[in-house]
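Quick caveat: nothing in here was measured; it's all calculated off a predicted structure.
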Number of protein chains: 2
Amino acid sequence: MLKRKITLKHIAKELEVSISTVSKALKNSEEISKDTKEKVQAFAKLYNYRPNNIALSLKNKRTKNIGVIIPDIVHHFFTTVFRGIEKYANAHGYNVIACVSDESFDKEVINMELLANGSIDGFIMSLSAGTQEKNDFNHLKEVLEQGIPLVLFDRVTDEVECDKVVLNDAEIAYEAVKSLIDSGKKKVALITTESYFNVSTYRAEGYKKALQDHGLTFDPNLVLTLPYDDVASEPLINEFFETKEMDAVFCVNEIFAVFSMGVAQGLGYQVPEDIAFIGFTNGILSRFSKPALTTVAQHGDRMGEIAAKMLIAKVENENLEEEPTYRTEVIAATLIKRDSTL
Amino acid sequence: MLKRKITLKHIAKELEVSISTVSKALKNSEEISKDTKEKVQAFAKLYNYRPNNIALSLKNKRTKNIGVIIPDIVHHFFTTVFRGIEKYANAHGYNVIACVSDESFDKEVINMELLANGSIDGFIMSLSAGTQEKNDFNHLKEVLEQGIPLVLFDRVTDEVECDKVVLNDAEIAYEAVKSLIDSGKKKVALITTESYFNVSTYRAEGYKKALQDHGLTFDPNLVLTLPYDDVASEPLINEFFETKEMDAVFCVNEIFAVFSMGVAQGLGYQVPEDIAFIGFTNGILSRFSKPALTTVAQHGDRMGEIAAKMLIAKVENENLEEEPTYRTEVIAATLIKRDSTL
DNA sequence: TATCAACACGAAAACGGTTTCGTTGATTTG
DNA sequence: CAAATCAACGAAACCGTTTTCGTGTTGATA
């Protein structure tokens with residue numbers, strides 16, 4: 001009962017014409033007589049003929065697939081970026097092959113090498129923690145040397161020359177901290193992650209600069225550094241709030257923010273009156289926390305769309321082999337004011 | 001400076017042997033002399049030769065890709081399932097092409113048809129809201145008729161015969177509501193979504209049965225039906241809590257639970273003493289809400305892994321064209337007890 | 001009537017592999 | 001010494017398309 005996929009060959013045999021004639025007839029070529037074209041097209045429609053994508057890919061040396069490698073998929077920001085990529089890609093006839101590096105250098109390398117052997121026309125990726133820690137980007141460089149376009153987003157590196165999409169991390173952090181200071185806060189703390197995440201570094205820079213520009217001195221004691229996105233570090237956070245004095249906290253992600261807000265509340269602090277909080281990433285956690293969290297919207301959808309747009313532009317211009325020029329697009333984040341700040 | 005990918009043809013020309021010889025030499029065929037094999041293998045390693053995936057796919061009629069179509073990607077449950085699929089698939093040499101149907105019937109159909117033309121070896125999917133509402137499954141049936149394996153998960157339908165992975169929705173809902181009753185609650189409300197989501201229907205059934213089995217009568221007034229995952233329905237929820245009397249609420253997702261918990265708290269109710277809450281989906285929202293939400297863990301990772309396992313098994317046994325037999329695997333959910341219940 | 005377009009179609013190469021089936025030249029066998 | 005065997009390799013088909021380049025038939029032209 002299996003209706004196996006029909007091919008040009010089947011149509012040709014059935015209609016007693018050649019494969020070339022069928023192919024041309026389906027493309028409405030002028031070469032073919034009206035009669036034959038109608039016959040072939042009718043037959044093709046009847047049997048629901050669709051050309052085989054793999055054969056087309058081989059012939060055209062274009063797969064219409066783009067590879068996306070992200071560190072984590074159960075993560076609000078990355079999923080929004082992914083959604084943006086998928087949306088734009090799909091609208092332009094591309095499919096998305098998704099790989100999760102799981103923050104591991106090795107997985108990132110393996111996935112890239114696998115996909116680089118013809119499966120995709122280009123890559124969009126965000127560096128894994130392992131890769132940033134190791135500072136080894138040879139897999140990226142090799143891919144580029146083979147002429148495969150690559151777009152990095154969010155977690156990027158200066159070590160490789162390619163298109164990039166990043167957030168204005170330092171600026172938005174500056175703005176966020178400034179808004180805390182403007183509201184009267186004097187002792188603004190920072191909760192951040194290990195420094196090999198360059199985005200955290202940029203956010204910390206914005207934080208420091210905002211303090212200095214507004215007559216406050218940077219106090220290393222008011223900086224708490226935690227393992228990435230991990231809340232097993234509860235005791236550290238507890239200790240931080242018990243031993244330090246502060247009236248505002250800027251966090252590099254929403255989990256840190258919401259969790260530490262809870263800790264502070266547990267210690268009897270009023271939010272935002274005693275301590276105000278600002279997070280990063282505008283996910284459901286921020287929207288539904290008590291109080292609702294003031295946070296930085298990263299506009300992942302837009303980031304994804306732009307990354308996809310840049311990549312597809314490169315892919316489709318690959319034939320005109322001019323020396324490629326690379327751009328870095330900066331997405332402007334937005335501070336979403338809610339109830340965890342004054 | 002472009003190091004274009006090297007092919008068998010290049011190696012053959014360079015070494016002045018035939019393409020067949022190169023191919024065999026790389027596979028360590030006994031047919032080829034030791035000398036030639038060493039020469040070829042050394043050359044291939046030097047130039048980092050990797051066979052072209054597309055060519056292999058065309059030849060083998062196997063792409064080693066599996067297509068995953070989910071309604072939404074910015075969604076905790078679906079991302080965990082996706083992670084499970086990706087993990088298992090990757091470990092078994094498969095890549096995952098991800099498509100988001102965006103809850104739309106049309107997009108689901110388009111994506112399926114696109115991928116069904118040779119791009120993938122099989123599908124894993126969860127039905128979009130549109131498809132469930134329309135009750136049209138011809139795209140699934142056609143794919144099956146073409147001999148492409150399909151595994152449905154979570155949002156499934158009886159209308160199509162294929163492998164399925166589902167949660168024991170009714171049972172776990174029964175258990176959840178029972179636990180509320182056991183703790184002394186007498187008026188348990190239900191907050192659910194439009195009924196064309198069969199999972200919501202099953203959960204509602206478990207809810208009703210638990211009430212009846214424990215001497216409580218089902219009161220339709222204590223059921224609030226909301227649009228899917230949408231919290232624009234805030235006034236409805238407010239009205240619900242203002243006008244009805246209850247001492248516990250069972251919700252079909254975590255957003256409804258956390259949001260309505262906030263509404264109840266705003267009205268002066270103590271959680272869980274005055275009103276207890278149980279949600280569905282064990283996402284970050286549940287973990288970080290105040291109080292932390294008692295909820296149903298759906299074990300998406302496991303669901304994804306099992307779905308991938310079933311699919312790959314079918315794909316790899318496709319050759320032995322016996323009449324396929326279909327299974328429905330039931331994943332046992334777990335009730336995670338936290339602080340929103342007594 | 002010989003010439004020449006125009007027309008409608010087919011053969012074959014190409015994309016990059018795998019694999020079956022020769023085809024050599026050298027060695028072993030009777 | 002002729003015949004059979006064997007080791008080592010190449011030719012060609014195949015997967016499903018697209019596309020270039022013939023080629024045979026017609027009708028018009030000189």
Side-chain angles (χ1 to χ4, degrees), chain A residues 4-41 43-44 47-65 114 116-121 146-147 318-319, chain B residues 4-41 43-44 47-65 114 116-121 146-147 318-319:
Chain A
R4 279 262 163 236
K5 268 282 170 199
I6 197 175
T7 70
L8 290 186
K9 196 193 270 188
H10 297 137
I11 304 185
K13 178 175 289 180
E14 204 65 30
L15 264 43
E16 295 183 312
V17 291
S18 76
I19 293 182
S20 356
T21 302
V22 177
S23 176
K24 289 171 192 164
L26 290 175
K27 298 198 119 53
N28 243 319
S29 160
E30 290 304 321
E31 252 181 282
I32 307 298
S33 75
K34 206 178 156 219
D35 276 10
T36 312
K37 280 198 281 194
E38 281 172 357
K39 203 174 53 175
V40 170
Q41 289 173 4
F43 191 92
Y47 285 93
N48 196 29
Y49 169 79
R50 295 271 179 279
N52 179 302
N53 289 333
I54 299 294
L56 287 180
S57 295
L58 184 58
K59 183 88 202 85
N60 303 334
K61 297 176 150 260
R62 291 283 228 63
T63 63
K64 288 271 182 180
N65 283 155
L114 209 74
N117 295 314
S119 299
I120 50 93
D121 295 339
Q146 284 172 27
E318 224 183 356
N319 24 8
Chain B
R4 280 263 163 234
K5 269 281 170 198
I6 197 175
T7 70
L8 289 187
K9 195 193 270 191
H10 296 138
I11 303 186
K13 178 175 286 179
E14 204 65 30
L15 263 42
E16 295 181 312
V17 291
S18 78
I19 293 182
S20 356
T21 302
V22 177
S23 176
K24 290 171 191 164
L26 289 175
K27 299 197 117 52
N28 244 319
S29 159
E30 290 304 322
E31 253 181 282
I32 307 298
S33 74
K34 206 177 157 222
D35 275 10
T36 312
K37 280 198 280 194
E38 280 172 358
K39 204 173 54 175
V40 170
Q41 290 173 3
F43 191 92
Y47 285 93
N48 196 29
Y49 169 78
R50 297 271 180 279
N52 180 303
N53 290 332
I54 299 294
L56 287 180
S57 295
L58 185 58
K59 180 80 193 147
N60 302 334
K61 296 176 154 264
R62 293 284 229 63
T63 63
K64 288 274 182 177
N65 284 154
L114 209 74
N117 295 314
S119 299
I120 50 93
D121 295 338
Q146 283 171 28
E318 225 183 356
N319 22 7

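Nucleic acid contact for A/S23: base, since at least one base atom lies under 4.0 Å from a heavy atom of the residue. Counting non-hydrogen atoms under 4.0 angstrom, A/T36 reaches the backbone sugars and phosphates but no base. Residue contacts for A/K61: at a heavy-atom cut-off of 4.0 Å it reaches the sugar-phosphate backbone alone, with no base atom in range. Within 4.0 Å of B/S20, counting heavy atoms only, lies at least one base atom of the nucleic acid.
When side chains are defined from C-beta on, A/L26 counts as touching A/L8, because their heavy atoms get closer than 4.5 Å.
B/S20 and B/S23 share no donor-acceptor pair across their side chains, judged by distance under 3.5 Å alone.
Nearer to the 5' terminus of DNA chain D, by closest-nucleotide assignment, is the contact made by B/E30 (compared with the other of B/E30 and B/K59). Closest-nucleotide positions on DNA chain D for A/E31 and A/L56 were compared, and the one nearer the 5' end corresponds to A/L56.
Comparing the end axes of the helix from C/dT1-D/dA30 to C/dG30-D/dC1, each fitted to five base pairs by superposing C1' atoms of four pairs onto the next four, gives an inter-axis angle of 90° (nearest 10 degrees).
When DNA chain D is scanned in the 5' to 3' direction for atoms under 4.0 Å from non-hydrogen atoms of chain B, the outermost contacting nucleotides are D/dA8 to D/dG16. Taking every nucleotide of DNA chain C with any atom under 4.0 Å from a non-hydrogen atom of chain B, the first and last of them, 5' to 3', are C/dC15 to C/dC21.
Under the 3.5 Å distance criterion, the side-chain polar atoms of B/K37 are matched with a main-chain donor or acceptor of B/S29. At distances below 3.5 Å, at least one donor-acceptor pair connects side-chain atoms of B/D121 with backbone N or O atoms of B/T63. Judged by distance alone, with hydrogens and angles left aside, the side-chain atoms of A/R4 form a donor-acceptor pair with the main-chain N or O of B/Q146 at under 3.5 Å.
The structure places OG1 of B/T36 at 11.5 Å from NZ of B/K24, a figure rounded to the nearest 0.5 Å.
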When you look at A/T7 and A/N52, which way does the side-chain contact (heavy atoms from CB on, under 4.5 Å) test go after all the steps?
-> CA-CA 8 Å; A/T7 70; A/N52 179 302; over 6 Å; no

